[in-house]
Amino acid sequence: MNRNWMIGFMFVLFVLEGTLLPLIIPDMWQGRIIPQFIFIVVLYHGIYQHRHTALIMGLAFGFLQDIVYYGHMIGPHAFSMGLLGYLAGLLFPGRNITLIPMMAAAVLGSFLYQTILFAIYSLFNLSKMTYEVAIFDYLIPSLFVQLLFALTIYVPMRKWFDLQSGTAENEQD
């Protein structure tokens, strides 16, 4: 039942990313701030739960983003979200990750996520800007939004995964 609640939470984030957040972002920052909150939750899954779960969640919600929001190509978001969720679980094998390493993983993961997307879009000539311009135009402003979101949900997500692993341990005893 816990996984169903998490999928529901991620679906609510998916809807918020496309409906409410574009209305909240000021007009001069439209297109420069790209909130990718589902990716942050996928990183939390990879680090605190299991890397295979993060891979599946990243692939599923990445394909959903590719289809609904970014229709240029099918697959870049799914590939990068699944890959980085899996790698986060691989790099942090213990579940006792504190706040600072988690925020570093969120910033580095978000940076790599947007860099992979930029590389894929540049490879297929969908993006005409240089990487230096992209860094200052939308990568860095978006990183601050992702970091703020990761800080906001750190305690609830940590409690969620601790509670979920505690109930799993009690079921095994």
Side-chain angles (χ1 to χ4, degrees), residues 6-7 9-47 49-92 101-154 157:
M6 185 56 71
I7 291 172
F9 172 67
M10 289 177 74
F11 187 74
V12 167
L13 285 177
F14 173 76
V15 171
L16 286 176
E17 281 181 9
T19 57
L20 187 62
L21 289 177
L23 297 175
I24 294 173
I25 297 172
D27 290 335
M28 62 188 242
W29 288 95
Q30 290 287 337
R32 294 187 72 193
I33 294 179
I34 305 164
Q36 294 161 334
F37 298 153
I38 294 174
F39 175 68
I40 297 297
V41 176
V42 168
L43 282 180
Y44 275 104
H45 269 279
I47 291 174
Q49 192 176 33
H50 200 267
R51 64 183 184 262
H52 296 116
T53 306
L55 174 68
I56 292 170
M57 294 272 193
L59 288 173
F61 280 98
F63 272 124
L64 198 58
Q65 281 188 342
D66 283 329
I67 291 169
V68 175
Y69 297 137
Y70 310 102
H72 305 297
M73 294 172 54
I74 302 294
H77 287 271
F79 168 74
S80 55
M81 205 179 289
L83 174 72
L84 291 173
Y86 186 83
L87 287 177
L90 210 61
L91 291 175
F92 296 98
M102 183 60 214
M103 294 308 113
V107 168
L108 181 64
S110 294
F111 184 77
L112 288 174
Y113 179 69
Q114 292 180 3
T115 300
I116 290 171
L117 290 176
F118 177 82
I120 291 172
Y121 286 150
S122 294
L123 179 68
F124 292 103
N125 290 326
L126 293 174
S127 176
K128 303 296 182 198
M129 67 175 63
T130 63
Y131 186 63
E132 292 82 20
V133 171
I135 285 176
F136 294 109
D137 191 38
Y138 68 89
L139 283 172
I140 292 176
S142 295
L143 280 178
F144 287 117
V145 173
Q146 266 62 286
L147 178 63
L148 183 65
F149 179 72
L151 280 168
T152 304
I153 67 166
Y154 175 76
M157 292 296 282

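Throughout, residue positions are numbered sequentially from 1 according to the sequence presented.
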>> Run Leu59 and Met81 through side chain to side chain contact (heavy atoms under 4.5 Å, CB included) and show every step you take.
In response: CA-CA 7 Å; Leu59 288 173; Met81 205 179 289; over 6 Å; no
Check whether any side-chain heavy atom of [X] lies under 4.5 Å from a side-chain heavy atom of [Y], and answer yes or no.
{"X": "Ile47", "Y": "Met102", "result": "yes"}
{"X": "Leu90", "Y": "Leu87", "result": "yes"}
{"X": "Tyr138", "Y": "Phe118", "result": "yes"}
{"X": "Met6", "Y": "Phe11", "result": "no"}
{"X": "Ile38", "Y": "Met57", "result": "no"}
{"X": "Ile153", "Y": "Tyr44", "result": "yes"}

Within the distance-only criterion (no hydrogens, no angle test), does the side chain of [X] pair as donor or acceptor with the backbone N or O of [Y] below 3.5 angstrom?
{"X": "Tyr154", "Y": "Met103", "value": "no"}
{"X": "Asp137", "Y": "Arg32", "value": "no"}
{"X": "Ser142", "Y": "Ile34", "value": "yes"}

Measure the [atom1]-[atom2] distance between [X] and [Y] for me, rounded to the nearest 0.5 Å.
{"X": "Ile40", "Y": "Leu151", "atom1": "CD1", "atom2": "CG", "answer": "10.0 Å"}
{"X": "Leu20", "Y": "Leu13", "atom1": "CG", "atom2": "CG", "answer": "11.5 Å"}
{"X": "Gln30", "Y": "Leu23", "atom1": "CD", "atom2": "CG", "answer": "8.0 Å"}
{"X": "Leu16", "Y": "Ile24", "atom1": "CG", "atom2": "CD1", "answer": "8.0 Å"}
{"X": "Leu84", "Y": "Ser110", "atom1": "CG", "atom2": "OG", "answer": "9.0 Å"}
{"X": "Ser80", "Y": "Leu112", "atom1": "OG", "atom2": "CG", "answer": "10.0 Å"}

> Can you tell me if CZ on Phe79 sees more than 12 non-hydrogen neighbours from other groups inside 6.0 Å?
Replying inline: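 Atom CZ in Phe79 is not crowded, with 12 or fewer foreign heavy atoms closer than 6.0 Å.
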> Of the options Phe9, Tyr69, Phe37, which is the one that meets Phe14 in a ring pair (Phe, Tyr, Trp, His ring centres under 6.0 Å)?
Replying inline: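 With Phe14 as partner, ring pair (Phe, Tyr, Trp, His ring centres under 6.0 Å) holds for just one option, Tyr69.
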Indicate the atoms forming the closest heavy-atom contact of [X] with [Y], along with that distance.
{"X": "Val42", "Y": "Gly85", "value": "CG1-CA, 3.9 Å"}
{"X": "His45", "Y": "Thr53", "value": "ND1-CG2, 3.8 Å"}
{"X": "Ile74", "Y": "Ile67", "value": "CD1-CG1, 3.9 Å"}
{"X": "Asp66", "Y": "Ala78", "value": "OD2-N, 3.3 Å"}
{"X": "Leu21", "Y": "Glu17", "value": "CD1-CA, 3.9 Å"}
{"X": "Phe111", "Y": "Tyr131", "value": "CZ-OH, 3.2 Å"}

> Looking at Ile140, Leu143, Thr115, Thr130, which hits side chain to side chain contact (heavy atoms under 4.5 Å, CB included) with Ile135?
Replying inline: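 Single pass found, and it is Ile140.
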> Hey, do the aromatic rings of Phe63 and His77 have their centres closer than 6.0 Å?
Replying inline: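 Distance test on ring centres: not under 6.0 Å, no.
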>> Parallel, tilted or perpendicular, judged at 30° and 60°: which one describes the rings of Tyr113 and Phe39?
In response: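 Answer is parallel, since the angle falls under 30°.
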>> Is a donor from one side chain sitting under 3.5 angstrom from an acceptor on the other, for Gln36 and Gln65?
In response: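 Gln36 vs Gln65: no donor-acceptor pair found between side chains.
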> What do the steps show when you test Phe149 against Phe144 for side chain to side chain contact (heavy atoms under 4.5 Å, CB included), and what is the final call?
Replying inline: CA-CA 9 Å; Phe149 179 72; Phe144 287 117; over 6 Å; no
